[in-house]
Amino acid sequence: MLLIPCPWCGPRDEPEFVFGGEPAVRPIPASEVSDETCATYLYARSNEKGFHRELWCHSGGCGQWFLLERDTLTHVIHRSLKPGEPA
Amino acid sequence: MSRLPTGGRIDRAAPVPFTWDGRALSGFAGDTLASALLANGIRVIGRSFKYHRPRGLYGAGVEEPNAIVDLAWGDRHDPNARATLVDLLPGMAARGINAWPNVRHDAHGLIDLAHAFLPSGFYYKTFKSPSWQRWEPMIRRMAGLGTLRPTADTRHFDTRHAQVDVLVIGGGAAGLAAARAAAASGLSVMLADDRPHWGGLLGWHDGTIADRPAADWIADTVAGLGAATLLPRTTAFGYYDHNTVGLLERRATAASGWAEERLWSVRAREIILATGAIERPLVFPQNDRPGVMSTDAVLHYLRVHAVLPGSRIVVATNNDTAIAAALALQAAGAEVIIADARAPGPALRQAADHGIRIHPASVPVGTGGRHGLRWVDIAPRANLAARERIPADLLAVSGGWSPAVHLFSQSGGKLRWDDAEAAFLPGEPRPHQHLAGAVAGDAALAEALAAGHRAGTQAAAALGRSVALPAPRAEPAAPATPIAPLWFVPLKNTRQWIDLQNDVTLDDVALAARENYASVEHLKRYTTLGMANDQGKTSNINGLAALAAFTGRAIPDVGTTTFRPPFVPISLGAMAGLRHGKLYAPVKHLPAHDDHLAAGADMREYGGWLRPACYLRPGETPAAAIQREATAARASLGLFDGSSLGKIEVQGRDAAAFLNLLFYNEVANLKPGRLRYCLILKETGIVYDDGVVARLADDRYLLSPSSSHTAGVLALLEAWHQTEYPHMDVAFHDVTAAWATFAVCGLNARALLTALGTDIDLADAALPHMGLAHGTLAGHPIRIARVSFTGERSYEISIPASRGAALWRHLLDLGQSDAATPYGIETLSVLRAEKGYILIGTDTDGMTLPADLGMPGPLRAKKVDFVGKRSLLAPDALRPDRRQFVGLLPDDPAYIPPPGTHAIETADGARRSLGWITSACHSPALGRSIALGMIEAGRARIGETVQLFHLGHITTARLTAPCHLDPEGDRLNG
């Protein structure tokens, strides 16, 4: 059970959170987005072995979304970032 | 077997009566069920899993492979109780399992005669003719151990969470020394051991610590742990992420006596593993008889329970620890013979000096006695044919000790094979982890104490504390003669058991090697070695060592299988804790809940809410009630409690622009006081939810998602706002529970609301269909929306929830003269089906797009971007043969096709599905059956007849538009 540092509430147990996958920039406008770009945006994930950036929501607490830097191999958590915080 | 007159941790003044297979027996307080059976001379306690061979007790703890029994006590029942872990209580009734009629005389024992046809993987080979399916039911019936009772489990399970500075797993010498040091530093400490008494092996091995008997040191140390959390009878079963450990506590509650289970989820800053080691059996011909036991277990029963399990005992060993046990058995009055696989060392010679007959460099090569050991054949290793038969009623075996590295490995620790110890030892500790004692190869008392103290000190130092206490001292032991690994006896045409519980023999390992299942992971799955509920605690190492021998590899090159939690079986009840029955998924009640009950409502759970399915009059069936209610709602006046329908307020300067981004339909041009039926999509274009969007003001909207999707829609709004559009000024609030909402529909709906006496103008010009008005009723704020899910003129009146029940009663009262009829969800489902209105999740699934539902408009007309827009332009979204929402009228008006019924076409004798029925019912308005479904290119096929297929039964139906009643919508304004 991971101990996840919510940027607002501090370290909390994993069941308080919802995993939101990898952050992606939404491709717009629809008229200029190719089928490949659309499919990549919807389904392709980098799924890195090691350092990984991912979105989590503290749904069982403050309800805020934030970015987490986690190592997918060792579960070492580097830091969490509020949306808009410089990476 | 006999109970000694003195000694042991039992209370001879407190006899405990119990039964075994119906026989009345007696034990003492302090006995386990296993020790009591042993004391009563019960030798056969089970039948082996595959061959149904008689089996007896082998061990004394969690490693026990054989003693699985059916246990009843009062109304409690455990079909697979491990006798070694059961504290004996008066009135316990234990039975042998996996046998008929009983374990002493099991008819299935004949299977053993056919063992040559039942090797590993026999189901792929022997039972292939005429087909495996012919044999499978019979074999499945015979598999398994205990029998479940079909009654509710009355056991009480509990859950606790804890955070602690230092968690020490294992309360033997090393663990106690570690906890002592950590506690002395002032840190919070939790100490867990799976036995009822502290001290681990010191409970039955001699030891002197700081010049005092070990028992005294243990008692003082435990007493001195102060505020530490002490958890005896507690097994740490899993080591999880970020130093989370799962533990199962078997609590002896004073009231019931029965050990109820408590699951602990503990996060520790530092973890000390002092988990000890488990004694391995020797592998030799006929090594599975009742009467063959772990030497250390025999010593345990002798010292802890004062049971001497044999009078003429052969001790077969390859290491020194068993020799000390042999001396203890002789001192207790047994005649003891030792067969040591090694050349004589000091320990063996000392035993001979005590008058014990010794057979150096010798191994057991056979045993006899079907229902209990009667003799053991010993032979020199140099000449296995020179057998000497020794009469004996107990064979205590010791093949060495395997460090209990399970939790270490679960945490990601790597193992290394130590040839000298003939054991897998832990490699580098993981972060925030320390190891001490036999698990790390320091089994001798002096070393275990020193290592434990070191681990406790290091854990404290890691947390910035120092330990001023000196380490506990013990005399170093005399150097032991090294172990001589003896993985099996090299004799052909013999049966040598490796996994007792799953009946896996040496031949099975050889077979696996021959058939190229050379990986240890394949060995495990092919032979099922290590897959029983003892998880190979006494068989894994012997098995992989045999595989190494058969494949010509070194043991470390074979390696171990992956260690996974749980270390011991955990009952599902313990996992659930208190989250069962009403507490599993608490349902929400409507504000008028009690009134619905009083009116005879048939309450069912829908999307987490308890709601009336329909209202039953005396003697009425639900089907009849539904027809009555539906007829009344259209004919005169129907009342529906829609309070569970979602209500989400959306406010802000950018509310309109934001909602326009989220919804498929155009909502920014909605005027205040107007409603629109809208869909909300996922980015894949798939319809997530439908609902009515109401504009209350320029900067304020009220959404009504479906009851089951309210939380999801709110989460969606928050996620998009926070992650993609944080610059937009908009906020959301779930007010579902704040308002009670009732639908009033039918010809007399407006009359009823007029009689209610609100200050809202109900004229059609002021409140047209899909309009919304605010006002008050008796001083309370109300909203009235004119919206219909039934196709009749319909209003939804909302009032603060605290006034809901009163308003419902008032509406019923006022509506009496118009035969106001409350109707439930099932009735609503019929009314909306007649109108072809969709239910999300019933008529839609995880692939449905708006155009499939006949709503292509917004994609063309809506100029701005919205969630899912691009996906609706993908090739798959534009396919002409997509399944589309249509109505169906079965040719037989009495036939109601079950949802899931496929529409089919047949081409070249092959059937192909064209889609399926999603909703179907009897329509009271039309007096016949109607259906809705998703059919390939359905709209183009309206008017055609299709075949319907359900469980082999084929009927026909005509495709129609989804709306079966009043397609012009005249009744909305009726």
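So you know, we letter chains A, B, ... as the sequences are listed, proteins then strands, and number each from 1. Nothing here was measured: the structure is a model prediction, and the numbers come from that model.
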| request: Inspect the contact between A:Asp35 and B:Arg870 and indicate whether a charged nitrogen and a carboxylate oxygen are less than 4.0 angstrom apart. | output: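 The answer is yes: the pair qualifies as a salt bridge.
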Flag if over 12 foreign heavy atoms under 6.0 Å of [atom1], [X]:
X        : atom1 : result
B:His242 : NE2   : yes
B:Leu583 : CG    : yes
B:Arg653 : CZ    : no
B:His733 : NE2   : no

Counting heavy-atom pairs under 4.5 Å to chain B, which of [options] comes out on top?
options                            : answer
A:Ser34, A:Ala39, A:Ser59, A:Pro29 : A:Ser34
A:Gly20, A:Pro27, A:Ser31, A:Ala30 : A:Ala30
A:Cys57, A:Cys38, A:Gly84, A:Pro23 : A:Cys38
A:Leu42, A:Ile28, A:Leu3           : A:Leu3

Side-chain donor or acceptor of [X] paired with backbone N/O of [Y] under 3.5 Å:
X        : Y        : result
A:His75  : B:Asp241 : no
B:Arg267 : A:Met1   : yes
B:Glu718 : A:Trp65  : no

Contact part of [X] toward chain A, heavy-atom cut-off under 4.5 Å: side chain, backbone, both or neither?
X        : result
B:Gln722 : both
B:Tyr725 : side chain
B:Thr723 : side chain

| task | Select one option (side chain, backbone, both, neither) describing which atoms of A:Tyr41 are under 4.5 Å from chain B's heavy atoms. | result |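 It is the side chain, since no backbone atom gets that close.
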| How many angstroms lie between CG in A:Leu2 and OG1 in B:Thr244, if you round to the nearest 0.5 Å? |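 That separation rounds to 8.0 Å.
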| query | Does the side chain of A:Arg26 come within less than 4.5 Å of B:Glu683's, by heavy atoms? | reply |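 B:Glu683 vs A:Arg26: side chains touch.
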| request: Mind ranking B:Ala715, B:Ser265, B:Ser871 by heavy-atom pairs under 4.5 Å with chain A and telling me who comes out on top? | output: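 Option with the top pair count is B:Ser871.
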